[in-house]
Amino acid sequence: MQKLLLLGDEAIAQAALDAGVSGVYAYPGTPSTEIMEYVQASKQAATNNVHRAWSANEKTAMETAIGMSYAGKRSIVCMKHVGLNVAADAFMNSAITGANGGLVFLSADDPSMHSSQNEQDSRYYGQFAIIPIFEPSNQQEAYDMTIAAFDFSEKHRIPVLLRITTRLAHSRSGVNCHYKREQNQIKLPENPRQFILLPAIARKQYNELLDKQTEIKKDIENSNFNAYIDGEDKSMGIITSGIAYNYLMENYPDRKCPYPIVKVTQYPLPQNHINKLVDECKTILVIEEGYPFIEEQLRGLLDRCLSIKGRLDGTLPRVGELNGNAVAIALGLPSTPGEAIPDIVAPRPPALCLGCPHIDTYKALNIAMEPYGKGRVFADIGCYTLGALPPYDAISSCVDMGASITMAKGAIDAGLNPCVAVIGDSTFCHSGMTSLLDCIVEKTPITVLILDNSTAGMTGGQTSHGFGRIESICLGLGVEKEHLHVINPLPKHHEENLAIIKKELEYQGVSVIIPLRECVQTLKRRLKSKK
Amino acid sequence: MNINIILAGVGGQGILSIATIIGNTAVKQGLFLKQAEVHGMSQRGGDVQSHLRLSDKEIAADLIPMGKADIIISVEPMEALRYLPMLKPDGWVITNTNPFINIPNYPDMQALMDRIDKLPHKIAADADKIAKDLGSARSSNMVILGAATPFLQLEMKDIEKTIHDTFISKGQNIVDVNIKCLHAGRELAEKK
C-alpha cells in the first residue's frame with residue numbers, strides 16, 4: 001500500500017488507473033483539469049498504454065468513453081460542471097444504453113463560481129438521467145469511491161456519475177492507494193442491440209433502466225459509504241452530503257456531534273437512514289454543497305409535515321460554497337471571524353499576463369470599433385474574457401463555449417451591423433466551428449477574430465486541437481481566402497493589424513482574422529525545458 | 001498538535017513552493033495534512049491563497065474557518081492584510097515587505113507599512129533583498145518560510161532535508177543557498 005499526498009482530482013485519477021481503466025477522456029476545465037494532467041504524467045498510465053489525450057470537447061470525450069465501454073473496457077470521462085451541458089445528449093442516452101465495460105462520468109462543480117459562469121449542481125443531471133451518483137467527502141473517499149464506481153457500473157451495467165466540487169478537487173491530503181486491478185479484455189455486449197436506441201429498442205432499454213432501480217437502491221441503502229451516525233440530542237437530526245459533512249464536523253473538535261447524522265455520499269438517497277432520522281427527530285437540518293438538492297426532495301410540495309432547515313429557509317446561504325463558519329451559524333454555534341480586512345487593501349482581480357498577445361489584439365480592436373460605438377463585440381470562454389475588465393473594457397458577452405460567433409450572428413440578424421466575435425483557438429475547436437458554418441451558409445456580415453495562442457491558456461496550457469490547423473479549418477468550412485487573414489499581434493505590427501480589422505469590418509460577408517502568437521506562459525515553460 | 005496556516009500572495013509568486021516544503025516535512029513526520037489550493041482563473045495575476053492545515057489527528061475540513069488561522073505567511077505585504085479575518089486574535093503575520101504592483105490603485109507604500117506595523121504580532125522584512133544579498137534573489141520565499149519556522153512545530157533539520165530533496169535535482173549550490181535563506185529568515189524571527 002502506498003500513501004500519496006494527492007489533490008482530490010489526482011486521487012480520482014490514481015484510482016481510475018488502479019481500477020484498471022483503459023481510457024481517460026476529457027476536455028480541460030477548472031476544477032477538473034488536473035485529473036487528466038495527472039494521468040498524462042503517470043508512468044503507470046504509460047506502461048499500461050491507457051488512452052490519455054485531450055478530446056475536442058466534452059461531448060466527443062463522453063461518446064468516446066461510451067464507445068470504449070461498448071467494447072467491454074473501463075473508461076472515465078472528466079469535465080467541469082458546465083461541460084456536462086455540452087455532453088448532455090450523450091449523457092442522457094447513455095443511461096438508456098447502459099454500460100458494458102465500467103463507465104464513470106466525473107463532473108466537477110464550482111460553487112461560488114471561482115472559475116465559472118454558473119454554479120449548477122450536477123446531481124440534478126444524475127437524477128434526470130436516473131443513474132447513481134457518488135459524491136465523496138474527502139480525498140480518501142475520492143479514491144475509494146472511484147474504484148467502487150467502476151464496480152457498481154459493471155455490476156448494474158449502468159454509467160455512474162461521480163460528483164465533486166472545487167474544494168475537494170483542489171485540496172491535497174494523504175491517500176492510501178490500496179488497490180490494483182488489470183484492464184478488461186475486449187468483450188462485446190451480451191445483447192447486441194443494447195446500444196441501438198431505435199425507438200422500439202429504446203423503449204425496452206428504458207424499462208430495463210427503471211427496473212434496475214430497485215437493486216440499485218438496495219445496494220446504496222446497504223452501502224458502507226452512506227452512514228447513520230447516532231447522536232444523543234434528538235431535538236434535531238442532520239442530513240449532510242459530500243464535503244459538507246466536513247464543515248459540520250469542523251465545528252466539533254472532538255468529532256462528536258450531539259445530533260444524529262445521515263451522511264450521504266451515494267444517491268438515490270438512502271431511504272432507510274432518512275426514515276430512521278425522521279422517526280427520531282422533528283427538526284431536520286440539511287447541509288449540502290451546491291443547490292438544495294436533498295432539501296428540495298425532502299420538502300417536496302407537502303412542506304409542512306416536518307420542520308426542515310437548510311438553504312431554502314435562510315438557515316444556510318442560498319448561494320455559494322459552504323465553510324465552517326456558515327455551518328457554525330446554522331448550528332447556533334459562535335462564528336468567530338478575525339479582524340476585518342483593512343480599507344487600505346485594494347482588490348487584485350486576475351489580469352492578462354505581461355506580453356500576452358490578447359493585449360495587442362484588444363488594443364487594435366478597440367480602436368477599430370471606435371466609430372461604431374460600444375456593445376458590438378461578443379466574446380467567449382478563455383483568458384480573453386478578461387478583456388471585459390479595465391483597461392480594455394472591450395467585450396459585451398461571455399455565455400458559453402462557442403457562443404461568441406452565434407450571438408454576434410443573432411445581433412447582426414437583428415440589424416446590429418457590424419458585430420465582431422472574439423474566440424480562442426481551443427474554444428473555436430470545441431464549439432465554434434459549427435457556429436462559423438451557420439454564418440458561412442447565410443453569408444452573414446460578421447468579423448470573427450480567432451485568437452490563436454496555440455493552447456488552452458486559462459486552464460494552464462493544454463494542447464489545443466486547433467494547433468496549426470485554424471487557417472485550414474476556416475478555409476475548409478468555406479471562408480473566402482481574401483477575407484481570411486493571419487496577423488501577428490505584436491506592438492510593432494499594430495498599424496497594419498488595425499488596417500486589416502478596419503477593412504474587414506466594412507466587408508458585408510464572413511471575415512476571419514487570426515491573431516497568431518504563442519501564449520507567453522507556454523512559451524516561457526517551453527524555453528525553460530529546452531535549457 | 002494542530003496548526004492552521006494561510007499562505008498568501010499573487011498568482012505566479014509561487015506560494016505553493018512554501019506549502020510543498022512545509023507539507024512534505026509534516027507528512028514525513030507522520031502528521032495529517034490538508035492543503036486547499038487555488039487553480040484556474042485567479043492564477044492570472046490575481047490574489048491567491050492556500051489553506052494549509054497540519055495536525056496529529058485527522059482533519060475535518062479543507063478550509064480553515066475564519067478566525068482560526070494561527071499564522072498568515074505572505075510573500076507580498078498588501079496580501080498579508082487581505083486575510084486578517086482568517087487570523088486568530090493572537091495569531092502571527094509573517095510577510096515579505098517587497099510589493100508586487102500589478103494594479104493601478106496599489107496603496108501608498110508608507111501607509112501600507114504603517115498598517116502592517118500596527119499588527120500586534122508580526123515579522124515583516126524585505127525577503128527579496130535578503131535573498132539577493134545571499135546570492136539568490138529567487139529564493140525569497142525560503143526567507144519567509146524561515147521566519148515562519150518557529151511557529152510550525154517542525155524540526156529545522158527536517159525542513160532542511162525536505163529543501164535538499166526538493167532542490168537537489170538543480171544542484172548542490174541551489175540547495176545550499178536555499179538553506180542559507182531559510183536560516184536568514186529564522187534569524188529574523190529569533191530577533192523578535
Side-chain angles (χ1 to χ4, degrees), chain A residues 3 5 7-8 30-31 33-34 110 114-116 138-139 166-174 243 245-253 255 321-325 327-328 335-342 344-354 383 385-386 390-391 457-460 521, chain B residues 2 10-12 19-20 23-24 27 31-48 51-53 57-69 76 78-79 81-89 91 100 102-108 111-112 114-115 118-119:
Chain A
K3 188 161 187 176
L5 200 52
L7 295 177
T30 313
T33 313
E34 290 78 7
D110 190 19
H114 299 282
S115 292
S116 308
N138 59 41
Q139 292 79 356
T166 307
R167 206 51 73 179
L168 177 57
H170 287 165
S171 179
R172 210 175 281 283
S173 193
I243 66 164
Y245 173 76
N246 305 339
Y247 298 123
L248 170 65
M249 297 320 277
E250 181 68 33
N251 283 286
Y252 302 102
R255 306 288 174 256
E321 194 183 8
L322 292 175
N323 56 53
N325 302 83
V327 174
S335 161
T336 51
E339 209 180 313
I341 302 174
I344 195 167
V345 177
R348 198 188 305 253
L352 293 172
C353 307
L354 207 64
C383 286
T385 317
L386 295 171
M458 184 60 100
T459 44
Q521 296 292 344
Chain B
N2 206 345
V10 180
T20 304
N24 287 342
V27 166
L31 293 173
F32 289 96
L33 169 148
K34 282 208 173 187
Q35 183 194 324
E37 303 170 1
V38 172
H39 297 226
M41 193 171 221
S42 303
Q43 280 178 301
R44 301 273 162 269
D47 57 270
V48 290
H51 293 222
L52 180 56
R53 316 188 75 183
K57 290 187 212 63
E58 230 172 300
I59 301 161
D62 300 275
L63 292 179
I64 300 166
M66 284 194 286
K68 294 282 169 70
E76 208 279 346
M78 184 176 78
E79 295 308 323
L81 299 176
R82 195 184 300 281
Y83 302 99
L84 287 184
M86 302 301 299
L87 194 64
K88 279 181 181 166
F100 187 97
N102 65 342
I103 48 170
N105 54 338
Y106 195 91
D108 173 66
L112 185 61
D114 289 348
R115 185 62 188 80
K118 276 195 210 155
L119 296 170

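Residue numbers start from 1 in every chain, and the chains themselves are labelled A, B, ... in the order their sequence lines are given, proteins ahead of strands.
Using a 4.5 Å cut-off between heavy atoms, A/Leu352 makes no contact with chain B at all. There is no contact between A/Pro31 and chain B, counting heavy-atom distances below 4.5 Å. With a 4.5 angstrom heavy-atom cutoff, B/Lys88 does not touch chain A via any of its atoms. Heavy atoms closer than 4.5 Å to chain B are found in the backbone of A/Ala340, but not in its side chain. Heavy atoms closer than 4.5 Å to chain A are found in the side chain of B/Ile103, but not in its backbone. No part of B/Leu52 comes within reach of chain A, as not one of its non-hydrogen atoms sits under 4.5 angstrom from that chain. Contact annotation for B/Asn2: neither backbone nor side-chain heavy atoms come within less than 4.5 Å of a heavy atom of chain A.
Side-chain contact check for A/His170 versus A/Thr30: some heavy-atom pair is nearer than 4.5 Å. The side-chain heavy atoms of B/Leu119 and B/Leu84, taken from C-beta on, include a pair separated by under 4.5 Å.
Residue with the most contacts toward chain A among B/Leu112, B/Asn102, B/Val27, B/Asn24: B/Asn102 (heavy-atom pairs, distance under 4.5 Å). For the set B/Glu58, B/Lys57, B/Met66, the count of heavy-atom pairs under 4.5 angstrom toward chain A peaks at B/Met66. Each of B/Lys68, B/Met86, B/Arg53, B/His51 has some count of heavy-atom pairs under 4.5 Å with chain A, and the biggest count is that of B/Arg53.
B/Glu37 and A/Arg167 make their closest contact through O-NH1, 4.4 Å (heavy atoms, listed as atom of the first residue, atom of the second, distance). For A/Val327 against A/Leu248, the heavy-atom pair with the smallest separation is CG1-CA, 3.9 Å.
With sequence neighbours excluded, the residues forming a salt bridge (charged side-chain N to carboxylate O under 4.0 Å, His left out) with A/Glu339 are B/Arg115, listed by chain and number. Residues forming a side chain to side chain donor-acceptor pair (under 3.5 Å) with A/Thr459 (at least two apart in sequence, or on another chain): A/Gln462.
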